[in-house]
Amino acid sequence: MVKMIKAVRGFKDVLPEDTVYWRYLEEEARTLFESFGFREIRIPVLEKLELFQRGIGSTTDIVEKEMYVFEDRNGELLALRPEATAGVARAFIENSLHMKDPVNKYYFFGPMFRHERPQAGRLRQFHQLNVEAYGVKSPSLDAEIMAMLHMLTQKLKIDDALHLEINHIGCPQCRPIYRDILINFLNNQKEKLCKDCKRRLEKNPLRVLDCKKEGCKNIASQAPQIIDYLCDQCKDYFDKTLDYLAVSEVPFVINPMIVRGLDYYTGVVFELTTDELGAQNAVAAGGRYDNLMKELGGPDIPGVGFAIGVERTVALMKKRYTLEEETPLFFFAVMGEEAKRVALPLALKLRQEGVKCEMEHSDKSLKSQMRKANKLKVRFTVIVGEDEVRKGVLTVRDMEEKKQFEIQAQISELLKLAEAAR
RNA sequence: GUGGGCGUAGCUCAACUGGUUAGAGCACCGGACUGUGGCUCCGGGGGUUGGGGGUUCGACUCCCCUCGCCCACCCCA
């Protein structure tokens with residue numbers, strides 16, 4: 001037997017029964033985002049490796065060990081994007097969009113690539129819906145964006161499964177101060193920390209705060225919290241953001257343990273989490289990234305945004321309701337060459353009018369064609385056989401009413417039926 | 001990268017302590033007045049039991065290796 005070629009590990013096919021959900025999500029997101037003034041941008045899947053090293057941070061796990069890196073034929077190092085924000089920022093700078101657009105709000109949809117071990121809710125190729133707003137640093141904008149995310153989950157009827165968790169991780173002034181205090185605190189109890197946390201202590205001390213191990217949790221619960229060490233500006237900014245959320249009736253909880261994994265985050269950060277999907281509980285996440293643009297060699301322009309995990313969102317949708325593909329209105333059951341000569345032009349004209357229909361092309365018995373029509377869940381089966389051809393008529397069977405009748409073999413007659421069935 | 005679990009028809013699963021041509025349901029195809037669906041009945045196709053090696057008279061069942069999938073850690077959407 002010839003060896004079967006299978007998809008690459010962690011890369012999945014999305015079959016028609018599932019694309020219904022994907023499309024529903026995309027369409028709801030598009031109309032919602034656009035109503036907020038966000039415009040669609042599309043960027044390449046492949047970027048120079050350096051973009052991600054500088055944008056995301058060269059010591060983050062994503063850049064250090066999860067990227068698909070390739071050498072181009074000219075020796076240049078390229079990477080499949082592990083996330084979208086760095087690329088959007090690059091496009092923004094490269095096209096001088098801050099000089100052109102009065103409003104710099106973009107949304108984006110596409111695949112991302114991370115070489116991790118697959119598990120529930122985690123793939124090597126996965127999809128994100130991203131939202132990015134550049135040029136303004138304002139609590140009301142941050143709150144508006146979180147409200148938009150909340151509205152999307154309401155439209156998708158999955159908001160009951162989600163919690164908006166929010167935190168503020170400080171600015172370049174106050175974060176280092178807190179960081180030192182935390183490191184100092186943790187160092188004093190270093191022996192009680194787990195193996196992973198000792199490593200985290202070196203690399204990303206904030207992560208110790210959300211370790212799942214009991215011992216570390218106990219220590220973390222007594223650790224100093226960033227909120228108590230924010231500078232006046234950050235504190236004020238955070239308070240205002242929370243107030244805007246409250247008056248907008250967006251439910252949220254403050255979670256001082258939220259830390260983002262990408263270096264570019266500053267200030268307000270948030271996650272949309274669920275406890276219905278196993279260990280990978282973040283359905284969306286985002287925050288401010290006020291230094292990203294500058295670090296990529298662009299203008300000093302602040303940004304805020306979030307990314308929604310499409311597969312995870314679809315998983316929640318599927319747990320709650322069923323979406324089905326649109327069924328054809330007509331099925332042409334044909335017997336013989338002459339019948340096909342009658343049916344084909346009629347089917348083509350119906351589609352021209354936007355009516356979904358199917359016709360049989362293989363030479364099967366009427367019984368088998370009826371079975372197919374039934375399986376397709378069509379409303380009308382149009383039977384065309386020798387008798388019909390001779391008389392210039394069509395036999396129409398109403399599959400729901402289980403009644404059938406003859407009509408003239410004219411497109412106008414079929415359109416009348418289509419109109420009546422709507 | 002590290003752990004654990006699992007691999008039998010398209011899908012969900014069977015097959016006593018190793019023992020005859022590996023079964024069932026669903027799905028698929030066809031038939032039951034050679035032009036009529038959904039129900040029922042009947043029939044049919046489809047598996048080198050993930051792959052390789054070993055033990056044995058005999059392996060889906062035992063052993064080894066390998067590949068793959070799943071879940072968790074790590075990390076994150």
Side-chain angles (χ1 to χ4, degrees), chain A residues 1 3-10 12 15 56 60-67 81-85 109-131 149 162 194-197 199-200 203-204 207 210-213 258-262 265 270-274 277-286 305-316 331 333-336 339 360 362 364-389 395-404:
Chain A
M1 194 172 76
K3 198 177 124 198
M4 180 173 56
I5 297 175
K6 298 209 277 191
V8 176
R9 178 173 216 194
K12 284 272 188 302
L15 302 178
I56 301 171
T60 58
D61 276 18
I62 291 179
V63 170
E64 227 171 36
K65 48 192 189 194
E66 295 174 4
M67 276 204 297
R81 61 181 180 218
E83 58 98 52
T85 300
F109 171 75
M112 307 297 159
F113 306 84
R114 303 213 305 219
H115 194 112
E116 302 178 86
R117 191 83 165 252
Q119 72 181 73
R122 193 168 75 183
L123 296 167
R124 307 248 256 216
Q125 181 190 74
F126 61 99
H127 296 73
Q128 288 188 338
L129 266 164
N130 279 256
V131 162
L149 178 57
L162 297 162
C194 72
K195 179 165 56 68
D196 285 327
C197 282
R199 187 172 48 78
R200 291 184 179 111
K203 199 170 151 191
N204 189 351
R207 279 240 164 272
D210 63 359
C211 182
K212 289 166 185 135
K213 302 225 165 53
I258 290 186
V259 186
R260 308 273 56 239
L262 286 54
Y265 281 109
F270 55 93
E271 279 182 14
L272 203 57
T273 58
T274 178
L277 296 181
Q280 305 303 314
N281 65 348
V283 171
F306 62 75
I308 302 171
V310 172
E311 284 84 352
R312 293 178 187 180
T313 305
V314 166
L316 286 178
F331 179 81
V334 294
M335 282 160 290
E360 182 60 52
S362 53
K364 295 197 171 160
S365 69
L366 180 60
K367 185 186 194 67
S368 137
Q369 296 191 53
M370 290 300 292
R371 275 207 255 250
K372 184 163 169 182
N374 185 246
K375 217 156 24 185
L376 286 170
K377 295 179 179 158
V378 301
R379 175 66 192 279
F380 300 111
T381 301
V382 182
I383 300 166
V384 195
E386 285 175 27
D387 295 351
E388 285 81 2
V389 172
T395 296
V396 177
R397 180 164 178 85
D398 185 327
M399 302 297 274
E400 286 170 20
E401 303 294 324
K402 300 170 194 169
K403 286 175 187 156
Q404 63 190 55

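Numbers restart at 1 for each chain; the letters A, B, ... are given by sequence-line order, proteins then strands. Predicted model, so just to flag it, every value in this text is computed and none were measured.
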What is the distance, to the nearest angstrom, from the [atom1] atom on [X] to the [atom2] atom on [N]?
X: Ile308(A); N: A77(B); atom1: CD1; atom2: P; value: 13 Å
X: Lys65(A); N: G1(B); atom1: NZ; atom2: P; value: 11 Å
X: Glu311(A); N: A77(B); atom1: CD; atom2: P; value: 13 Å
X: Lys6(A); N: G50(B); atom1: NZ; atom2: P; value: 12 Å
X: Leu162(A); N: A77(B); atom1: CG; atom2: C1'; value: 13 Å
X: Arg124(A); N: C75(B); atom1: CZ; atom2: C1'; value: 14 Å
X: Phe270(A); N: A77(B); atom1: CZ; atom2: P; value: 11 Å
X: Ile258(A); N: A77(B); atom1: CD1; atom2: P; value: 11 Å

Original post:
Considering all heavy atoms of both residues, which atom of Phe331(A) and which atom of Ala373(A) are nearest to each other, and what is their separation?
Top reply: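 Where Phe331(A) meets Ala373(A) most closely, the heavy atoms are CD2-CB, 3.7 Å.
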Original post:
Which pairs pass salt bridge (Lys or Arg N to Asp or Glu O under 4.0 Å) with one or both residues in residues 116-127 of chain A, sequence neighbours excluded?
Top reply: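 Output for this query lists Glu116(A)-Arg122(A).
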Interatomic distance at [atom1], [N] relative to [M], whole Å:
N: G54(B); M: A14(B); atom1: C1'; value: 28 Å
N: G10(B); M: A27(B); atom1: C1'; value: 7 Å
N: G4(B); M: G44(B); atom1: C1'; value: 43 Å
N: G52(B); M: G68(B); atom1: P; value: 16 Å
N: G47(B); M: C28(B); atom1: C1'; value: 16 Å
N: C62(B); M: C41(B); atom1: C1'; value: 45 Å
N: A59(B); M: G19(B); atom1: P; value: 11 Å
N: G51(B); M: C67(B); atom1: P; value: 15 Å

Subject >> Partner set under side chain to side chain contact (heavy atoms under 4.5 Å, CB included) for Lys12(A), not counting sequence neighbours >> reply: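 Lys12(A): side chain to side chain contact (heavy atoms under 4.5 Å, CB included) contacts with Leu123(A).
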Note, [X] side chain near [Y] side chain (heavy atom, < 4.5 Å):
X: Phe270(A); Y: Leu149(A); value: yes
X: Pro111(A); Y: Arg81(A); value: yes
X: Val384(A); Y: Met335(A); value: no
X: Leu162(A); Y: Leu316(A); value: yes

Report all interatomic pairs (protein N or O, nucleotide N or O of nucleotides 70-73 of chain B) with separations under 3.5 Å.
from, atom 1, to, atom 2, distance (Å)
C70(B), OP1, Lys12(A), NZ, 3.2
C71(B), OP2, Ala120(A), N, 2.8
A72(B), OP1, Ala279(A), N, 3.1
A72(B), OP2, Gln119(A), NE2, 3.0
A72(B), OP2, Ala120(A), N, 3.4
C73(B), OP1, Lys212(A), NZ, 3.3
C73(B), N4, Arg122(A), NH2, 3.2

Subject >> Annotated protein contacts, base or backbone, on nucleotides 27-37 of chain B with a non-hydrogen cut-off under 4.0 Å, one of B, S, - each >> reply: -SSSB---BBB
**OP:** State whether the side chain of Glu83(A) and the backbone N or O of Met112(A) hold a donor-acceptor pair below 3.5 Å, judged by distance alone.
**Re:**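 No, the answer is negative, given that no donor and acceptor are paired below the 3.5 Å cut-off.
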**OP:** Check side-chain hydrogen bond (donor to acceptor under 3.5 Å, both in side chains) between Asn374(A) and all other residues, then give those that pass, not counting sequence neighbours.
**Re:**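 Not a single residue meets the side-chain hydrogen bond (donor to acceptor under 3.5 Å, both in side chains) criterion with Asn374(A).
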**OP:** Fit a plane to each ring of Phe109(A) and His127(A), take the angle between them on a 0 to 90° scale, and name the class: parallel (under 30°), tilted (30 to 60°) or perpendicular (over 60°).
**Re:**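 Parallel.
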Original post:
Near Gln404(A) CD, under 6.0 Å, is it more than 12 heavy atoms from other residues, nucleotides or ligands?
Top reply: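 Yes, enclosed.
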Original post:
Have Thr395(A) and Glu388(A) got a donor and an acceptor in their side chains that come within less than 3.5 Å?
Top reply: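 Yes, Glu388(A) and Thr395(A) have a side-chain donor paired with an acceptor closer than 3.5 Å.
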Subject >> Structure string for RNA chain B in dot-bracket form, Watson-Crick and G-U at under 3.5 Å, | interchain >> reply: (((((((..((((.....[...)))).(((((.......))))).....(((((..]....))))))))))))....
